[in-house]
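What follows is a single structure, written as structure tokens, with notes after it.
In what follows, every heavy atom counts, from backbone to side chain, and hydrogens, waters and symmetry copies are set aside. Whatever order the structure lists ligands and atoms in, that order sets their numbers, starting from 1.
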Amino acid sequence: MFTFGSIPCRIAINMTPNQLKEKYIKFFLERGHKEILSSSLVPENDPSTLFISAGMHPLVPFLLGEAHPAGKRLVSVQKCLRTEDIDRVGNNYYHTFFEMLGNWSLGDYFKKEMILWSYEFLTKELEIDPNKLNVTVFAGDENSPKDEESAEIWQKVGIPNERIFNLGKEDNWWGPVGKTGPCGPDTEMYIDTGKERCGKDCKPGCHCGKYIEFWNDVFMQYNKKEDGSLEPLEHTNVDTGMGVDRTSAILEGHMDDYKTENFLPIIHKIESLTGNKYGEDEEITRCIRIIADHIRSAVFVLSEGVIPSNKDRGYILRRLIRRVVRFGKKLSIDKDFTSDIAKEVIQIYEKDYPEISQNKEIILSELQKEEHKFSSTLDRGAKEFEKIATKEAQGKIVTAEEAFNLYQSFGFPIEITEELASEIGFSVDTDGFEKLLKTHQEKSREGLENKFVGGLSDHSEISTKYHTATHLLQSSLRKVLGEHVSQKGSNITGERLRFDFSHPEKVTDEQLKEVEKLVNSWINSNFPIEQEVMTLEAAKKLGSLAFFGEKYGDQVKVYTIKNPKTNEVVSKEVCGGPHVKNTSEIGEIKIIKEEGVGEGVRRIKAIVS
Ligand code: ATP
Ligand code: MG
């Protein structure tokens, strides 16, 4: 039992997050939907964002009209990461990583079916008390009509008018993705937690925690035209999203995501490592939540082959881990702790997410490495920051130079400096910092370009390792799978290699292990890499592999890796480079993913560490 305002009520259902996921999928399967698997957090073929942030995100092409191979009714559990919510993490219901349940109609059912199903699922399947449900619908504005239809359907199913709220575009409108295209109103479902209202304007949409949004039904019914006007769409879509953590917390009645099974073991671990008690003190509880949330996110991001760096995804990962280390210090943890907590996360999620169980060792070792790197400078950096904070009559500003020094010498991501500054009422000259950073990056890039004149590719140390690792991978695949394997494409970033090759069927786990083992044995044998320049003709005569997707000049470079003792050639390839001088420089390779990308073409992603 728990109390809801003054009325005692039964906890709706004691359902674990996994049971909720099963129930949701089953409910929509029974209504003609096909289940699709979660896409990876790292978007495929979408350079516009770093991480997937909603279930609909990987489905955009289909919402825009492309036919989905699984049909018109889809359901999924999607991994999501929202860095824009990072400052809200610390309360009971905001996370950076979370799982989103969702179902879609691609030109099939619309508002009536969806709202009826939403109500049925919530009140019958989840047994949520209908009196605690509040909904919002689009209020309408000068450009777009009010969503009367949704409001009427909610009334018909039994939500009284005083619990149907009209909100504007910021809350209840979706799209279009670009300037033009499909868009429309949405209707959001909130639970009334029973808390006091924070003020007289407090209503669903307010972030004080009285009303928690946990499901959203989006109705794409208009096409926005070049001139800004809306025309009705011929094929309307439905897109919904329900947060697993929030809904589980509601079902268990305590309204605290961190008390659900997906978090509890993590919280217990943090308690035992720090000697603190969750829930006793507001600030300590906030720190515990931030650590729990960020380590969960870091585990998922690492499981996809991203490693900490100063760029893009790697930088976000670095920020998450460094923030954890900082909050660990706040709780006076004086030993390595991130990997111990990560082990709990792994245990909770490895069954559902094989990428986590497959990459366990890397996840733990990368966390530890990053933790070490930052803990060794954090204390000194904090002292440096104190000096800045105590300087007199400077207008309470951390200057661009000071912020850059904290970044450069002590590894403080700018966001951490901003956070520290705001805790003592200082601001940071972030614009100036960005300028300094840019100048610094340009300088180091010039330095690199001078070192490797010619060649268009990225010549950083890490990508050089990946180039050589790719050659070894191709040779190993040809040894293990057969000589039919030939390169169909390759893409290298500072975070991973991706190699596409011809092969008619899935590469089994055993084969992948063998391929990986062979590459690592070559790496460990310290083979030198030799480079010669010759005509393409001559290179081919020597049996060098050459990739037909590439255009070669008159003279080509041939890179040979061979065993100097036996003269056995491990790899001979025409390539523009760059390459390491000795295989031992590569480190260790780990295959993190194998998948099909077309008829007879497979793709492998691997990382080196
Ligand atoms: P909010 O207003 O609370 O930020 P939202 O409008 O951004 O939510 P949607 O984009 O509609 O949320 O996402 C659908 C569902 O995903 C939400 O109803 C909620 O259950 C869940 N969700 C969204 N953001 C988060 C988050 N940061 N942490 C946990 N769950 C979230
Ligand atoms: Mg939001």
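- Looking only at protein heavy atoms, the nearest one to atom 26 (C) of ligand 1 is F98 CE2, 3.5 Å.
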Go through the steps to decide whether K330 and E283 satisfy the test salt bridge (Lys or Arg N to Asp or Glu O under 4.0 Å), and finish with yes or no.
CA-CA 10 Å; K330 278 195 167 196; E283 186 50 24; 3.8 Å; yes
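- Within the 3.5 Å criterion, the main-chain N or O of G305 finds no donor-acceptor partner in the side chain of N359.
- Counting only distance, with no hydrogens or angles, the side chain of Q78 and the backbone of G102 share no donor-acceptor pair below 3.5 Å.
- Side-chain polar atoms of R296 and Y349 form a donor-acceptor pair below 3.5 angstrom.
- The distance from ligand 1 to the heavy atoms of E188 drops below 4.0 Å at these ligand atoms: 6 (O).
- The ligand atoms of ligand 1 that sit less than 4.0 angstrom from a heavy atom of Y93 are 28 (N), 29 (C).
- Atom 4 (O) of ligand 1 has Y94 OH, 2.6 Å as its closest protein atom, hydrogens excluded (heavy atom only).
- In this structure, the protein non-hydrogen atom closest to atom 27 (N) of ligand 1 is D85 OD2, 2.7 Å.
- Taking distance alone, with nitrogen or oxygen atoms compared against 3.5 Å, R88 stays at or beyond that limit from ligand 1.
- Taking every non-hydrogen atom of G243 and a distance limit under 4.0 Å, the qualifying atoms of ligand 1 come out as 15 (C), 16 (O), 19 (C), 20 (O), 21 (C).
- For atom 15 (C) of ligand 1, the closest heavy atom belonging to the protein is G241 O, 3.6 Å.
- Among H95, M100, R82, the residue whose heavy atom sits closest to atom 10 (O) of ligand 1 is R82.
- Residue-level proximity to ligand 1 for E213 is carried by backbone and side chain together, each with a heavy atom below 4.0 angstrom.
- Not less than 6.0 angstrom separates the ring centroid of Y93 from the ring centroid of H207.
- Salt-bridge formation is detected for the pair K277/E271: a Lys NZ or Arg NE/NH1/NH2 atom is positioned less than 4.0 Å from an Asp or Glu carboxylate oxygen.
- Residues F62 and W104 place their aromatic rings such that the two centres sit no closer than 6.0 Å.
- Taking every non-hydrogen atom of F214 and a distance limit under 4.0 Å, the qualifying atoms of ligand 1 come out as 18 (O), 20 (O).
- The single protein non-hydrogen atom nearest to atom 30 (N) of ligand 1 is R246 NE, 3.4 Å, given as residue, atom name and distance.
- The closest side-chain heavy-atom distance from F27 to E120 is below 4.5 Å.
- In terms of protein heavy-atom proximity, atom 11 (O) of ligand 1 is closest to N216 ND2, 2.7 Å.
- Not close to ligand 1: M189, with no non-hydrogen atom less than 4.0 angstrom away.
- Using a 30° and 60° split on the angle between ring planes, H33 and Y109 fall in the tilted class, from 30° to 60°.
- For the pair M242 and ligand 1, the shortest N or O to N or O distance does not fall below 3.5 Å.
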Show the numbers, then the answer: is there a side chain to side chain contact (heavy atoms under 4.5 Å, CB included) between L59 and I36?
CA-CA 10 Å; L59 292 172; I36 51 172; 3.9 Å; yes
